[in-house]
Amino acid sequence: MSNSGLLPEEQKSGLLRACLGSILHLPHQEDMKHRDAALYMKVHTMEALHHLLQVLVGSAGASVLPELQNILELLLPFTTCQLTAVEERAMACIARLLTFSNTCSLPEVCSCFTGAVVLRHQCTENQRFPVLGKLTGHLILCCTSTDEGTRDEAMKAVHQLFIFIASQRMWLWQKDPKKPQLRVRWQTLFYEQISQENNASKIFKMFLRYLLYPERVDVFLMAIKSMTEPRLHSTELAAHMVDVLAAEAHFPPGQVQKMVKMIYSSLPSIKAEPALESLGRALLVLASKHPREVVRSLLGCSPTCTSAAVTMWRAMLSEPPAVEKVLQELLQVLTNHSLCQMSASTGDRPRVLALAAARTIPELLQLPLILKEAETIFPQLFLALLYQVSFTTELTLQEVGIFWEEHRQDQLTPVRAAVHSLKVLLCSVGLQRQMEAIQEGGGWDALLSAVTHLQGVQVVARVMRELPRALRVPIFHQLVELLSTKFCSGETVATVFLVEMLQCADLGEELRRVVSVFSTHLQSRSAGTQQLVLRGVLQLSKRQDTARKMLGLLPCITKQLQDADSGARAVALPVLSTLLRLLEGRKLSLAALELAGNLPALFEDESGTVRQLSIHLFLDTLSFVEGREKKKMRKEVYRSLVSLCLHLHDEEESVAKASQEAFLGAARFLRWRRLEHLAEMAQFSQISECMLAERRKSAGQDYLGQSLLYLQSPQESLRREAARFIAGVAEHMTTELIGRHETPTTRSQWWRFGQC
């Protein structure tokens, strides 16, 4: 090993590990046949090993702390190798090495790794000693070893470790300048305790004054690990250490997650009752102080809620304060369906955590305290689980793989698990009959498929709106709350449910907030959400107690009309027709005029229903204008005549009939008697000539420009009639020009004739 410093660090550590294994595993002196050989092994071989380790540390220079840490980490596994002789020798090496280190000039151990934020702080690897907490916990536990030799060597090592830590943490005593003698008194007391009695609990208490974070966390983790090997150390001491450290409950979030993961992974191997009880108490305290970290860590450890996870949930939910906090955190996880996908880990995937929370709920509802709290927040929990079913249908294969990674024995698929949770919740709060009604209506089966999911939501909503008012109104209130948030991840599901609930007659003051909610979600990017909101507005506009409250949405619906798709337009047009009739006087006249200007653009919609409804509504607006608006309306009617004329030949009979009625109404509004007569008699072939005769000056150019657009119509009949109309207009314009001894000289005139 004399030239080990020339080797790479990994090779050097491997060589030292092999050296330690060879020497520490030499036969016990009682097994040696010759006394001289035993003496040689005991005195010379072990002394040579001690000397080697001291040389490695003493010659490390500025890297003395990393070198010391590396050696200690190599020695620690030998202290629990099940061979008492090896354990004793390894512990002796640690004690001697710490004694030697206390005689060296060591750099100050930096506490930056504890997680404390220090502005502009800089340190090197040579100032860090992260093994300190692990070493402290292990040595204190070894003071209770069943082997006397190991126990004695551990006490020596603990003594030297205390000297090392106390000298490094002098600054802790500077916080209390009025009592500088405390440091000396505590050190003296420690030495007396070491020399007078072997009381590991008191030693642990003294060490706590000098331990920082995450050193205390490492001690906590070591104590739990020792519980899985009860033959090596005192289980009572390990339980005591867990109790004391958990009671502090001021750990940084990242450290709490490590603690929860250690408990989860170790729990199946821990059998001693005192150990299990201490872990239960620790979980209860951690859940009360750090519900967010504890809940998310446990969900990440066990997405499908294994038996170990159930044991942990039961422990942390054994007292009311923790119950409320944990259930609220589970609710928060359920409603945090962020669609971003950051990494392959469960903790960075909110949708997977939410799925795990839904899977866990049925297990928790078996606990009396949880059930009582669940009844209190039933509306929020019910809707959160319903949304979870929706998001589960959208999970990627990778996310499903994370959920099922280690627990494929679970017979429920993710979406079935979410639906099952919803059923269990309803039954747990006394709504068994409603659960069965949803089943009879095919709601549960519909929820399982992304294709029929919204139909399932409708079935659930219809059943739930039959609940007593005391339960129904809070659900409605929660729906409005969710849709009122800036980012509502389940807006479509919430809107479907809300629209179904609107049929209830006793929703009270909550209806006032619905107008604001609808105004926001009418501008949703989701066409489906827009249609749902419009259906809701239509329902409320037909009720006497809410109709006039919907009038505030009229400008918004009119504005959105051009941007919406055909499905939304088909719903919006009846809504506009209904709302328009609620206005009076000049407000009605102005609204009708504005609407009349927007409707002709819909005459060419791909949907026959939209064409028919928009033409009918245009006709209605003609009867709503009064006074000064009538003159302005004449201009809108002029602009619509060509479209109405061409749609007299629409392929859909209902649209053609609506166009005839609207054209007749337009002729009457303009007081063009001959045109009115032609429309009544359905003499469509003469209508174009009559339109040109009734209007002079630029009528031909206006009609020509409007009809050219119909040459691109998807309907052959409209393209054919547009061509005939254009030919008639062109002939009429030519006749006029010849009669005035003029020729088409302007560029626009020649272009139009060329197009014809």
Side-chain angles (χ1 to χ4, degrees), residues 554 558 561-562 569 573 576-577 580-581 583 585-605 610-650 654-710 713 718 721-722 725-726 728-729 732-733:
L554 186 58
T558 303
L561 201 58
Q562 305 303 321
R569 288 171 177 172
L573 289 168
L576 290 170
S577 179
L580 206 59
R581 286 170 169 77
L583 295 173
R586 193 153 188 266
K587 288 184 178 181
L588 173 60
S589 188
L590 289 171
L593 179 62
E594 181 183 1
L595 194 56
N598 291 317
L599 289 173
L602 307 185
F603 294 173
E604 189 59 14
D605 193 273
V610 172
R611 298 199 300 275
Q612 178 186 354
L613 291 174
S614 59
I615 292 172
H616 273 312
L617 185 55
F618 180 82
L619 175 60
D620 291 341
T621 61
L622 301 182
S623 61
F624 293 150
V625 290
E626 297 178 354
R628 288 175 294 177
E629 281 69 44
K630 276 199 171 184
K631 184 176 181 180
K632 296 178 182 178
M633 179 63 87
R634 292 179 70 87
K635 295 180 180 179
E636 299 298 341
V637 174
Y638 288 145
R639 280 196 286 265
S640 68
L641 281 178
V642 172
S643 294
L644 292 174
C645 176
L646 294 177
H647 279 287
L648 293 171
H649 306 276
D650 198 284
S654 60
V655 179
K657 184 177 180 181
S659 298
Q660 183 179 4
E661 294 174 358
F663 195 89
L664 179 60
R668 288 172 177 170
F669 184 85
L670 295 173
R671 296 182 179 179
W672 290 358
R673 303 302 180 192
R674 182 163 179 258
L675 194 63
E676 179 183 344
H677 174 73
L678 292 174
E680 283 180 335
M681 302 304 296
Q683 298 179 5
F684 301 152
S685 59
Q686 302 178 37
I687 283 180
S688 58
E689 295 181 8
C690 182
M691 287 169 57
L692 290 167
E694 291 289 352
R695 288 194 68 191
R696 290 176 287 275
K697 297 182 180 178
S698 62
Q701 293 186 14
D702 291 342
Y703 291 157
L704 192 61
Q706 295 167 23
S707 56
L708 283 172
L709 298 175
Y710 278 85
S713 173
L718 294 188
E721 290 303 321
F725 188 87
I726 291 170
V729 172
H732 179 82
M733 292 175 64

Gly597 and Glu636: which non-hydrogen atoms are nearest, and at how many Å?
CA-OE1, 3.4 Å

Find the distance between NE2 (His649) and OG (Ser659) and round it off to the nearest 0.5 Å.
10.0 Å

Counterpart residues, side chain to side chain contact (heavy atoms under 4.5 Å, CB included), relative to Leu664 (two or more places apart)
Arg668, Glu676, Ala679, Glu680

Which residues satisfy the salt bridge (Lys or Arg N to Asp or Glu O under 4.0 Å) test with Arg586, sequence neighbours excluded?
Glu629

Ser707 side, atom OG; Leu641 side, atom CG - distance, nearest 0.5 Å:
12.5 Å

Of all heavy-atom pairs between Val625 and Leu593, which one has the smallest distance, and what is that distance?
CG1-N, 4.2 Å

Check whether any side-chain heavy atom of Phe603 lies under 4.5 Å from a side-chain heavy atom of Phe618, and answer yes or no.
yes

Which heavy atom in Met633 sits nearest to a heavy atom in Ala592, and how many Å separate them?
CE-O, 3.9 Å

Once you round to the nearest 0.5 Å, how far does CZ of Arg628 lie from CG of Leu590?
8.5 Å

Strictly by side-chain hydrogen bond (donor to acceptor under 3.5 Å, both in side chains), give each pair with a member in residues 596-605 just once, sequence neighbours left out.
Ser566-Asp605, Arg569-Asp605, Glu604-His647, Glu604-Ser713

After noting the C-alpha distance and the side-chain angles of Arg674 and His677, does the key distance pass the side chain to side chain contact (heavy atoms under 4.5 Å, CB included) rule?
CA-CA 5 Å; Arg674 182 163 179 258; His677 174 73; 5.6 Å; no

Please list, chain by chain and in numerical order, all residues satisfying side chain to side chain contact (heavy atoms under 4.5 Å, CB included) with Leu619, sequence neighbours excluded.
Leu622, Glu661, Ala662

Leu602 side, atom CG; Leu613 side, atom CG - distance, nearest 0.5 Å:
10.0 Å

Nearest heavy atoms of Ser654 and Gln612, plus distance in Å:
OG-OE1, 3.3 Å

Search all heavy atoms of Val637 against all heavy atoms of Ala666 and return the closest pair with its distance.
CG1-CB, 3.7 Å

Who passes side-chain hydrogen bond (donor to acceptor under 3.5 Å, both in side chains) against Arg581, sequence neighbours left out?
Ser577, Asp620

Once you round to the nearest 0.5 Å, how far does CG of Leu708 lie from CD1 of Ile726?
4.5 Å

Residues Leu595, Phe624; criterion side chain to side chain contact (heavy atoms under 4.5 Å, CB included); working and verdict:
CA-CA 11 Å; Leu595 194 56; Phe624 293 150; over 6 Å; no

Testing the basics here: between Thr558 and Leu576, what is the closest heavy-atom pair and its distance to 0.1 Å?
OG1-CD2, 3.6 Å

Taking atom CD of Glu594 and atom CG of Leu580, what is their separation to the nearest 0.5 Å?
10.5 Å

With Thr621, which residues qualify under side-chain hydrogen bond (donor to acceptor under 3.5 Å, both in side chains), at least two apart?
none

